[in-house]
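These notes concern the structure reproduced below.
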Amino acid sequence: MATTSETESPSQQIYKPAEWLNAAETIACSSIAPIALICGPKNSGKSTFSRHLVNVLLQRHKKVAYLDTDVGQTEFTPPGLLSLTVIDKITPDLTIPCLKTPERCFFFGDVSSKRDPATYLTYILALYDHYFTTKIQGSSGLPLIINTPGWVKGIGYEILVDMLKHMSPTHVVKIRISAQSKNLPDGAFWLDEGVADACNVIEIDAARQDHLQRSLLVKRDVRLLRDLRVMAYFRQCFPSEMTLSTLKELARALAAHPPYEIPISSIKIKHLHCQVPVTETFYSLNATIVGLAVSSMSEQLPQCVGLGIVRGINTFRGVLHVITPVPQHILEDVDMLLQGFIQIPTSLLQVQGCISPYMSANVLSTN
């Protein structure tokens, strides 16, 4: 990992147009710690610009806060999470997202906000309020970058407007693509007519071509990227020096990894997006990825401390078997399992020659 004194030399392979560089410098040179919200349609380069802006800000500030609101293409966490992360090191390669432990996060449990926009917005505003009221343990000069998803029409547009009105950022960066109908409206579109705002709106074009005039608009396999981030997350169950270079090796290691044993009586189980009959609770829960949450502060806003795989359920003994990289001292505070629609990558379940234990047959009948 690069230090704050290092430059972005590997990242120079990514083409950053002059207006991107100027926009980042404008934000970084602000007389106060900036709050910058990055928005625009899908595949416009919001995440790449946000990573570059983080590096530019870290040349002037010891730390930068990052509010990630894109549950489908998360920056520092596995998919399905909304998070506030504090970064203190420059990322030398802008092409490779890396996992970091967030300051605070919530498990939304889906890769799109469409299923429950109200809860999605509630979580985001709660993360922002945590930043604003605490400035992360008293760091009054802490800049904030807010990266947003590419859903900017219909309800997605309304969510973005609500976010902007609540947060009142110092800078809003709008990235435009060539398809004008997909772009956001010009100017401070979130303000009511006649309302003044000191926000600096910066409009830039997507980096459609590099310095060799090659197209940069490459459609990414989003599902594959999500699977890779899930696998990278659970790879943390094992020592970094342990060789797990193939899917088969990771699948075998997870299948053989001793799980934590959690008494069913000590936790609440909640499905976030659908009603599950009581008689089907364990069948629904088994072989799924769950959010490990602590509800002691607020049951309506349970803080997520990580993810786990429910490997098996023994209803006779009243215990769940859960695999997770979350340290035991943190896991001891978990009192709620949140179930959503984040799935175990099928590539881990279909490794040839490896019998996966994450199957519903592991649920013992209560009859």
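Keep in mind that what you see is a predicted model, and the values were worked out from it rather than measured. Atom set for the values below is all heavy atoms of this structure, side chains included, hydrogens, waters and symmetry mates excluded.
A distance-only check finds a donor-acceptor pair linking the side chain of Tyr233 to the backbone of Leu307 [under 3.5 Å]. A donor-acceptor pair under 3.5 Å is formed between the side chain of Glu249 and the backbone N or O of Ser245. Side-chain atoms of Thr170 come within 3.5 Å of backbone atoms of Ile35 as a donor-acceptor pair (strictly under, hydrogens ignored). Panel note: side chain Lys46, backbone Gly40; a donor-acceptor pair is recorded below 3.5 Å. Remark: side-chain polar atoms of Glu203 are not paired, donor with acceptor, to backbone N or O of Ile175 under 3.5 angstrom. For Thr119 (side chain) and Asp116 (main-chain N/O), no donor-acceptor pair under 3.5 Å exists by modelled atom type. Panel note: side chain Asp68, backbone Glu75; a donor-acceptor pair is recorded below 3.5 Å. Thr48 contributes no side-chain N or O that, together with a main-chain N or O of Gly45, makes up a donor-acceptor pair within less than 3.5 Å. Lys153 contributes a side-chain N or O that, together with a main-chain N or O of Asn183, makes up a donor-acceptor pair within less than 3.5 Å. Under a 3.5 Å cut-off, the side chain of Thr74 and the backbone N or O of Thr77 do form a donor-acceptor pair.
Atom CG of Leu67 sits about 9.5 Å away from atom CG of Leu125, to the nearest 0.5 Å.
Aromatic ring centres of His271 and Phe341: separated by under 6.0 Å. Proximity of the aromatic rings of His321 and Tyr260 is defined here by a centroid distance below 6.0 angstrom, and this criterion is not met.
Among residues at least two apart or in separate chains, ring pair (Phe, Tyr, Trp, His ring centres under 6.0 Å) pairs with a member in residues 85-119 are Phe106-Tyr123, Phe108-Tyr120, Phe108-His273.
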Practice item. Please assess Asp186 against Lys174 for the test salt bridge (charged side-chain N to carboxylate O under 4.0 Å, His left out), listing each intermediate value before the final yes or no. Key: CA-CA 9 Å; Asp186 294 335; Lys174 292 194 295 179; 5.0 Å; no
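Considering all non-hydrogen atoms of both residues, Ile323 and Phe234 come closest at O-CE2, 3.7 Å.
Put simply, the residue from Ile342, Leu338, Ile309, Val310 that forms a side chain to side chain contact (heavy atoms under 4.5 Å, CB included) with Val290 is Val310.
Side-chain atoms of Gln339 and Ser284 form a donor-acceptor pair, as typed in the model, at a separation below 3.5 Å. Residues Thr148 and Asp70 bring no donor and acceptor atom of their side chains to less than 3.5 Å of each other.
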